[in-house]
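See structure below.
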Amino acid sequence: ATATGINQNVDAGDGLLVTEAGILASAFFNNTATAQLNVDALAIAVGDTASAEALAFGVYQAAGVDDEVLEATARVVNDGLIDVGAQATATGFTSDVSYAAFAGAFATGIEQWAEGNTAALASVDNAGTINVVAGALANGLGNVEGSAAAAAEAYALGILQDVDADGGFADPGPTGAATAQVINGGIIHVEANASAFATGNTAHADAEGFGIGQYVNGSTLAQAIFDNFIDGTPTTPGVLSVIAQALATATDSHADASAFATGVWQNVDASSGNAFASVVNPGTINVAANATATAGATAVAEGAGTGIFQFVSADQATGGDADNPVELQAQAIVDNSGVIDVGGSAIANGGAGEDNSGGADANAYFVGIDQQAFATLNPGFGTAVGGALALASVDNSGDILVHGLASAIGDSGYAHATVVAAAIFQNAGGFASATGASGIAQVNNSGSVAANATAFASGYNDVAAQANAYGIFQDAG
């Protein structure tokens with residue numbers, strides 16, 4: 001089952017505006033305060049071998065993707081409700097296949113693709129509500145012949161922006177500016193739930209939730225911006241919540257459950273200029289990932305969550321002189337005066353198995369803010385004159401709270417539990433074969449930064465529990 005709300009595809013052959021600057025491809029959707037966009041996909045399958053897949057897309061925009069244009073713009077304004085749901089349920093009985101029951105659900109709220117030679121922009125302004133939920137349920141119930149395996153996979157994505165400006169047609173030189181921007185003064189809620197149950201066989205459950213994903217590639221400028229507020233008097237803070245939950249149960253065999261949740265993901269790359277990633281949060285960012293696996297033999301659970309991830313890379317090989325040197329910059333910036341709360345669990349309960357070789361593995365990894373910034377002047381044999389700066393910076397006057405639990409119980413076998421909880425992780429590197437380079441990682445904190453990690457393991461043999469908590473971890477050079 002597939003359901004789509006709005007589909008806009010604008011390229012060189014359709015819907016173009018010819019301006020003095022050249023060809024412009026523009027896609028625009030305005031959802032007013034009283035408007036509702038409801039998109040639901042439901043798939044149900046029952047049989048010896050059952051497969052159910054549900055895909056739901058709220059707003060899809062592609063500008064300049066199929067044919068080259070000079071400038072491309074994809075824009076969404078939402079003051080109302082965008083509600084997207086995908087639900088898949090499968091029940092199977094056969095024992096002689098890989099999975100008797102498979103359920104897959106995929107849901108996206110807003111998906112934007114913009115490709116222009118000189119400029120590309122993807123923009124979302126949200127003062128309303130964006131609600132995206134994906135649910136997958138798989139039941140392998142077996143039959144008179146024995147067991148049945150089950151797999152459930154659920155993926156939910158709030159806003160995806162993919163922006164490219166390569167500067168290919170620019171005259172006199174390659175100038176391409178790419179920008180992805182989200183302004184949220186409303187509510188963005190993303191949730192992925194996956195449950196798998198298998199009688200006497202393998203159960204697999206995977207749930208992944210992403211709030212905002214921004215992938216930006218530009219030649220002379222690349223930037224990703226997330227403002228979790230609407231400027232005004234007073235300022236209207238936004239709410240971003242992302243939940244991923246995975247549950248796998250196998251009565252006699254193996255069960256594995258994985259849950260991954262990310263609030264904001266920014267990947268920014270400039271091939272011949274500056275790159276910037278920015279998050280300003282006076283509101284609330286909540287990220288939770290919980291994975292539980294229970295099995296008669298081996299159980300594996302993995303839970304991971306990240307509040308804000310920024311990867312910024314800037315390169316430049318030409319330009320500048322002694323009088324006007326290049327000042328190449330790659331900056332990852334977070335300004336938090338609100339709340340960033342990231343946490344969850346990985347819980348594995350294993351049994352003895354037929355030959356007492358069963359056990360449990362639980363792994364949890366949670367990070368509040370993860371920043372990676374790299375600036376390289378003259379990669380290879382470049383001729384640019386100047387310097388390079390890589391900056392990872394966090395200003396916090398609010399709360400950054402990270403907490404994780406890993407629990408492994410092996411009934412008659414091994415038990416391994418590992419958890420890492422880090423509030424802030426920074427890595428900045430500047431490289432230049434010219435006048436100089438610097439990498440700076442800095443945190444200015446006047447608020448609260450807390451990281452808590454708990455690991456528990458109980459088993460018959462080979463029992464280990466490890467918990468690591470980091471407030472601020474920095475690496476710069």
Side-chain angles (χ1 to χ4, degrees), residues 211 226 228 237 240-244 259-266 277-291 302-312 330-347 362-374 390-407 417-430 438-457 464-477:
F226 174 57
N228 201 25
L240 171 64
S241 65
V242 183
I243 300 172
F260 305 101
T262 302
V264 180
W265 183 288
Q266 297 176 319
S278 170
V279 174
V280 178
N281 177 51
T284 302
I285 299 175
N286 288 325
V287 177
N290 297 286
E302 183 176 3
T306 302
I308 299 168
F309 175 83
Q310 296 174 315
F311 178 88
V312 186
Q331 297 189 12
I333 307 294
V334 174
D335 184 347
N336 177 59
S337 57
V339 176
I340 299 173
D341 190 295
V342 181
S345 62
I347 300 174
N363 298 284
Y365 182 81
F366 296 96
V367 179
I369 299 171
D370 187 343
Q371 296 178 313
Q372 314 280 326
F374 304 96
L391 172 65
S393 176
V394 174
D395 285 302
N396 178 57
S397 58
D399 298 320
I400 302 174
L401 311 173
V402 181
H403 42 96
L405 166 68
S407 174
T418 303
V419 58
V420 175
I424 300 172
F425 180 86
Q426 296 176 316
N427 186 10
S438 58
I440 300 174
Q442 64 181 26
V443 175
N444 299 310
N445 180 48
S446 59
S448 176
V449 176
N452 295 285
T454 302
F456 174 80
Q466 182 176 359
N468 302 285
Y470 305 95
I472 300 171
F473 185 94
Q474 296 174 313
D475 185 11

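Computed from a predicted structure; not experimentally measured.
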Can you list, pair by pair, the side-chain donor-acceptor contacts under 3.5 Å of residues 439-446, counting residues two or more places apart and other chains?
| from | atom 1 | to | atom 2 | distance (Å) |
| --- | --- | --- | --- | --- |
| Gln442 | NE2 | Ser393 | OG | 3.1 |
| Asn444 | ND2 | Asp395 | OD1 | 2.8 |
| Asn445 | OD1 | Asn396 | ND2 | 2.8 |
| Asn445 | OD1 | Gly447 | N | 3.1 |

Item to check | Those residues that, when tested against Gln310, pass side-chain hydrogen bond (donor to acceptor under 3.5 Å, both in side chains) (two or more places apart) | outcome: Gln266, Gln371
Checklist outcome for this item: Rounded to the nearest 0.5 Å, the CD1 atom of Ile400 sits from the CG atom of Asp341 at a distance of 11.0 Å
Item to check | Contacts of Tyr365 that satisfy ring pair (Phe, Tyr, Trp, His ring centres under 6.0 Å) - sequence neighbours left out | outcome: none
Checklist entry - How many angstroms lie between atom CZ of Phe309 and atom CD of Gln372, to the nearest 0.5 angstrom? => result 5.5 Å
Item to check | Nearest atoms (heavy-atom pairs only) where Ala455 meets Val419 | outcome: CB-CG1, 3.9 Å
Checklist entry - Parallel, tilted or perpendicular: which describes the rings of Phe311 and Phe374, with under 30° parallel and over 60° perpendicular? => result tilted
Checklist outcome for this item: Looking only at heavy atoms, the pair that brings Ala289 and Ala304 closest together is CB-O, 3.3 Å
Next on the checklist: Could you tell me if the side chain of Tyr470 sits less than 4.5 Å from the side chain of Val367, heavy atoms only?
Outcome noted: no
Item to check | Minimum-distance pair of heavy atoms, taken over all atoms of Ala346 and Gly303 | outcome: CB-N, 3.7 Å
Checklist outcome for this item: To the nearest 0.5 Å, atom CZ of Phe473 lies from atom CZ of Phe425 at 5.5 Å
Checklist entry - Mind checking what makes side-chain contact (heavy atoms from CB on, under 4.5 Å) contact with Ala330, not counting sequence neighbours? => result Val312, Ala314, Ala375
Next on the checklist: My understanding is that only residues two or more places apart in sequence, or in another chain, count here; which of them pass side-chain contact (heavy atoms from CB on, under 4.5 Å) with Pro237?
Outcome noted: none
Checklist outcome for this item: From the list Asp399, Ile308, Val402, side chain to side chain contact (heavy atoms under 4.5 Å, CB included) partner of Ile340 resolves to Ile308
Checklist entry - What heavy-atom pair brings Ser278 and Val280 nearest, and what distance separates the two atoms? => result OG-CG2, 4.1 Å
Next on the checklist: Please give me the minimum heavy-atom distance between Ala362 and Ser407, naming the atom from each residue.
Outcome noted: CB-O, 3.3 Å
Checklist outcome for this item: Sequence neighbours excluded, the answer for ring pair (Phe, Tyr, Trp, His ring centres under 6.0 Å) partners of Phe456 is none
Item to check | Sequence-distant partners of Ala469, side-chain contact (heavy atoms from CB on, under 4.5 Å), two or more places apart | outcome: Ala451, Ala453
Next on the checklist: Working to the nearest 0.5 angstrom, can you tell me the gap between Thr284 OG1 and Asn228 CG?
Outcome noted: 7.5 Å
Checklist entry - Which atom pair, heavy atoms only, marks the closest approach of Gly263 to Val242? => result CA-CG2, 4.1 Å
Checklist entry - For Ile333 and Leu391, what are the C-alpha separation, side-chain angles and deciding distance, and is it a side chain to side chain contact (heavy atoms under 4.5 Å, CB included)? => result CA-CA 8 Å; Ile333 307 294; Leu391 172 65; 3.9 Å; yes
Item to check | By side-chain hydrogen bond (donor to acceptor under 3.5 Å, both in side chains) - contacts of Ser241 (at least two apart) | outcome: His189
Next on the checklist: The criterion is side-chain hydrogen bond (donor to acceptor under 3.5 Å, both in side chains); which residues satisfy it with Asn286, sequence neighbours excluded?
Outcome noted: none
Checklist entry - side-chain contact (heavy atoms from CB on, under 4.5 Å) with Leu405: which residues, sequence neighbours excluded? => result Ser345, Thr454
